[in-house]
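In what follows, a structure is listed as structure tokens, so that the remarks can point back to it.
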Amino acid sequence: MKEIPKTYEATEYESKIYKKWEASGAFKGKYKAKGKTFSIAMPPPNATGTLHLGHAVMLAIQDIMTRYHRMKDGAALWLPGTDHASIATQNKVEQLIAKEGLTRHDLGREKFLKRTAEFVANSQNIIKNQIRSMGSSCDWSRERYTLDADLSLAVRTVFKSMYEDGLIYRGYRIVNWCPRCKSTLADDEVEYKEKKGKFYFMKYGPVIIGTARPETKFLDKVIVVHPDDKRYKKYIGKSFDIPWINGKVKATVIADKSSDPEFGTGAMTITPAHSFIDFDLAKKYGFEVVKIIDENGNLTDVTGEFAGMNAHEAREKIVEKMEKHGLIDHIDENYTHNLSVCYRCGTAIEPLPSDQWFINVDKKLPKRGKSLKQMSIEAVKSKKIKILPDRFEKIYFHWMNNLHDWCISRQLWFGHQIPVWYCDCSKDPIVAIEPPKHCPKCKNTKLRQDPDTLDTWFSSGLWTFSTLGWPKKTDDMKHFHPTSVMETGYDILFFWIARMIIMSLYATNEIPFETVYLHGLIRDKFGNKMSKSKPETCIDPLDMIEKYGTDSVRLSLVIGGTPGNDMRLYEEKIAGYRNFVNKIWNASRFVLMNLESKDLKAKFTKSSVKSTADKWMVDHLQHLIKHTTELIDEFRFSEAGNNTYDFFWSIFCDWYLEISKGEHKNPAVLLYTLKTLLKLLHPFMPFVTEQIWSTLDEKKMLILEEWPKFDKFLMFKKEEDLMQNVISAISEIRSTRADLHINNSVKIPVTIYAGTKTAIFKEKAEIIKRMAQIGELNIEKTGKPIPSSVRIFLSGIEIYISLAGIINVQEERARIEKDIKEKQGFLNTLESRLNNKGFIAKAPKEVIEKEKAQQKAITEMLKKLNLYKNALN
RNA sequence: GGGCAUUUAGCUCAGUUGGUAGAGCGUUCGAUUCACAUUCGAAAGGUCACUGGUUCGAAUCCAGUAAUGCCCACCA
């Protein structure tokens with residue numbers, strides 16, 4: 001009837017289809033008629049980024065779920081947005097203005113933020129269009145940005161409430177300080193890099209101490225040894241005047257179990273201001289905390305002649321001086337240590353004490369009697385939140401159990417400025433949601449806002465509910481929260497997932513999501529991390545979309561991947577799925593060519609299913625519907641996609657379409673099967689399925705169609721079984737021909753004795769002839785062996801390929817011997833099992849019955865094969 | 001140092017309640033105007049890392065070993 005082009009050119013259709021979807025309102029998150037609606041909050045990409053494979057894989061998986069539920073439930077929400085990513089974005093803009101020779105201080109806060117806003121607006125558009133190019137069916141009318149007014153309101157609301165609950169406090173603590181970003185970092189924003197360096201052993205009065213950082217040791221005056229360390233027992237509690245870097249110091253020896261006798265010399269001095277452990281010790285014993293290194297990474301005035309020098313650069317000079325004074329015992333030149341560096345810029349971290357805002361994770365909440373930590377652990381332990389794969393639950397618990405108070409203030413400009421104001425009249429902070437007009441104590445109107453901003457994860461921790469209108473009580477909150485699934489890479493389990501759980505439980509008293517699906521990382525062909533510095537294996541999803549189409553890229557990212565496991569991606573894989581996309585296109589093309597326009601309007605019912613082949617096809621399809629639905633519900637997307645792929649290609653195309661050629665076509669079943677398959681494939685490959693759908697005279701777009709339902713009245717077990725016999729016969733004949741090197745152009749005569757299955761073989765004679773390239777075909781119930789022929793024995797069926805004049809006795813003998821050997825081998829294992837008393841006694845009945853039946857069938861076949869072999873000459 | 005994962009065909013990977021090992025790519029043989037050569041038909045190719053255990057039966061469950069990768073902690 002209709003003719004569509006021979007090859008599917010993805011780029012011709014994709015953007016048009018996307019626009020049509022978007023314009024039609026199909027993406028809009030509607031409420032399900034009954035019960036809670038399926039919803040996903042899209043992990044917001046950084047407002048600065050461009051689409052990479054990490055985004056591509058998350059978009060593909062989330063879109064599959066959203067489209068599936070939209071079809072199945074009639075409604076679903078996928079809420080998109082972007083994250084301001086304070087530190088990453090600020091760094092990027094700083095790099096940009098550096099090209100103009102400017103720093104952010106040259107511009108000043110206001111101008112710098114304006115500049116950043118412009119930059120963000122521009123890159124947001126880029127990433128948003130790239131999200132569209134992946135076919136993402138997200139609700140753009142609900143799009144959010146973490147710096148939007150209402151999201152910022154949510155941030156300030158949570159801050160104030162936490163402050164009032166005594167969870168947020170200001171404290172003087174050691175923090176991870178990045179001297180380049182000039183900001184604090186949370187513990188998990190610190191990375192460790194192995195570095196070769198020197199390890200210095202220094203004479204410190206009665207002991208020798210080891211350190212990698214001599215430049216922090218100026219004011220050390222406490223020696224710590226283990227209480228049981230015999231070497232030092234005599235010194236404990238004593239004081240010494242010790243010649244040190246800048247003259248004499250008075251040092252005391254104390255005993256504490258934190259000193260490891262096995263490490264170094266077993267004695268250490270402590271540097272309270274620049275080591276987390278030493279800070280804790282200093283707090284424990286009440287020692288003075290003096291800063292040696294300042295916020296710029298320079299040595300402070302207490303270091304005397306070294307003041308103002310960069311701490312790292314001063315190291316060698318300090319060591320030189322110590323050497324001159326005989327304070328160096330020896331130096332280990334080959335020491336590898338783990339250098340802590342900033343996860344954003346790679347600069348070495350300086351631990352230093354500073355006034356910062358923290359969230360107390362251990363304090364029990366006034367009304368709930370539990371700490372944030374306890375609540376967060378409970379939510380997962382009780383299975384209210386399920387993490388897939390579940391081994392990540394253990395990792396989550398471990399992390400949560402060891403969580404320290406969360407430092408939330410950052411000395412950055414870009415972000416949510418901390419909603420705290422100060423008045424000159426006192427040091428007390430004024431915490432408010434909206435800027436206060438005057439000081440509540442002295443009515444002074446000149447207030448200063450805390451210059452710091454909040455950790456970017458503070459606002460993204462609110463993402464599942466701040467995007468739905470919280471703190472207002474919105475209908476969206478009611479229908480969509482808690483969200484159904486959080487789908488993201490396992491690499492941000494702590495950064496983000498854990499924080500969302502903490503924040504949501506605190507603010508809304510609800511879990512943020514029911515299931516966490518963690519996908520793996522995409523790696524290159526050799527299993528390495530993809531990097532732009534290796535262009536030969538680095539894959540840019542946008543290039544691939546351009547070259548192979550979005551559907552192919554999506555399939556290649558989903559099939560073959562299992563949650564929590566990394567996956568390799570390479571261009572050949574994408575090309576393979578492009579072939580599949582084209583296969584679907586051409587199968588549809590075939591169906592269309594075999595339809596009249598009246599067939600498109602005809603209704604499909606059970607009575608449309610006529611031939612045995614039709615019934616075989618429709619029966620298979622019911623199983624596929626059932627299985628695919630189950631697999632998607634179980635988050636097994638790879639299997640669901642792969643099964644449908646197999647089905648489409650090797651069942652629908654290779655058999656049913658081939659059978660349909662000639663006299664046997666049934667437009668109703670062809671169309672029903674195609675439509676059902678398009679629906680099942682739509683979540684995985686939305687574009688090509690929608691494009692084909694548009695040629696089928698349907699009223700609704702495929703995106704809004706109903707998900708196929710398994711229909712037990714369309715099962716035809718008996719016909720399915722009969723047809724399978726015909727299919728095996730065709731396969732066997734084809735295989736035997738190829739084995740015997742009989743060219744396809746030779747139309748060989750074949751005789752089949754089909755026994756009880758004679759009727760179906762007679763019915764399908766034409767199909768068998770065509771598909772197995774047979775000349776003359778005789779089908780009888782039984783008969784005598786045909787001389788000069790090759791024989792195939794199936795269970796209850798004998799096939800004779802007459803090869804008078806063509807048969808090669810030697811080849812045939814080899815073929816038969818191989819067959820006998822294989823069958824004998826199988827028979828042997830069957831019999832040894834059936835002779836095993838234990839097996840008969842303990843194995844389930846069905847298994848035993850099955851094996852007995854097989855034994856009988858094979859024994860019979862072997863008998864025939866041997867007779868045949870002996871007759872060959 | 002602690003934890004986790006992976007190890008299945010030449011390559012990339014599936015394999016959920018334990019019952020003669022599967023796919024795609026690649027290889028080999030055969031097919032040229034058939035919906036599709038982005039195709040079709042066929043084949044070869046595997047002690048399921050190793051050792052032991054449980055079981056009538058193990059790729060699958062348990063214990064141990066090895067290799068690889070990842071995460072956490074971090075030592076003055």
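In what follows, every chain begins at residue 1, and chains take the letters A, B, ... in the order their sequences are listed.
- In this structure, A/Lys823 reaches neither bases nor backbone, as no heavy-atom distance under 4.0 Å exists between it and the strands shown.
- Checking B/G41, B/A5, B/A43 against the side-chain heavy atoms of A/Asp739 singles out B/A43 as nearest.
- Between the side chain of A/Lys6 and the base of B/A35 there is no donor-acceptor pair of N/O atoms closer than 3.5 Å.
- Residue contacts shown for A/Arg636 include a base, since a base heavy atom lies under 4.0 Å away.
- Among the protein residues, A/Arg578 comes within range of the nucleic acid bases, having at least one heavy atom under 4.0 Å from a base atom.
- If you check the side chains of A/Ser832 and A/Asn835, you find no donor sitting under 3.5 Å from an acceptor.
- Across all strands, A/Gly576 comes closer than 4.0 Å to no nucleic acid atom at all (heavy-atom distances).
- Every residue two or more places apart in sequence or in another chain that forms a side chain to side chain donor-acceptor pair (under 3.5 Å) with A/Glu572 is listed here: A/Lys525.
- Classification of A/Asp551 and A/Arg554 as a salt-bridged pair fails, no side-chain N sitting under 4.0 Å from a carboxylate O.
- No more than 12 heavy-atom neighbours from other residues, nucleotides or ligands sit within 6.0 angstrom of CD on A/Glu546.
- Geometrically, A/Lys284 does not engage A/Phe279 in a cation-pi contact, judged by NZ or CZ lying under 6.0 Å from the ring centre and within 45° of the ring axis.
- Note on A/Lys842: a base of the nucleic acid sits closer than 4.0 angstrom, heavy atoms only.
- Residue A/Glu658 places a side-chain atom within donor-acceptor reach of the base of B/A35, judged by atom type and a 3.5 Å distance cut-off alone.
- Taking only side-chain atoms of A/His741, from C-beta outward, the nucleotide of B/C29, B/U38, B/A42 with the closest atom is B/C29.
- Atom CG in A/Asn565 sits roughly 11 Å away from atom C1' in B/C4 (whole-Å rounding).
- For B/C36, its base sits under 3.5 Å from the side chain of A/Lys583 at one donor and acceptor pair at least.
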*Assign a letter to each nucleotide of nucleotides 67-76 of chain B from its 5' end: B, base within under 4.0 Å of a protein heavy atom; S, sugar-phosphate only; -, no contact.*
-----S-BBB
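- Contacts of A/Asp491 with the nucleic acid, taken as non-hydrogen atoms under 4.0 Å apart, are absent.
- Applying the 6.0 Å contact sphere to NZ of A/Lys203 captures more than 12 heavy atoms from other residues, nucleotides or ligands.
- If you take atom P in B/G22 and the same atom in B/U47, they sit 15 Å apart, rounded to whole Å.
- Residue A/Ala587 is classed as a base contact, given a heavy-atom separation below 4.0 Å to a base.
- Here A/Thr7 lies in heavy-atom contact (under 4.0 Å) with a base.
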_Stepwise side chain to side chain contact (heavy atoms under 4.5 Å, CB included) check, A/Trp655 with A/Ile730_ = CA-CA 11 Å; A/Trp655 289 103; A/Ile730 294 171; 3.9 Å; yes
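- Here, B/A58 and B/A49 have their C1' atoms 16 Å apart, quoted to the whole Å.
- By the criterion of a centre-to-centre distance under 5.5 Å and near-parallel planes under 30°, the ring of A/Trp585 forms no stack with the base of B/C36.
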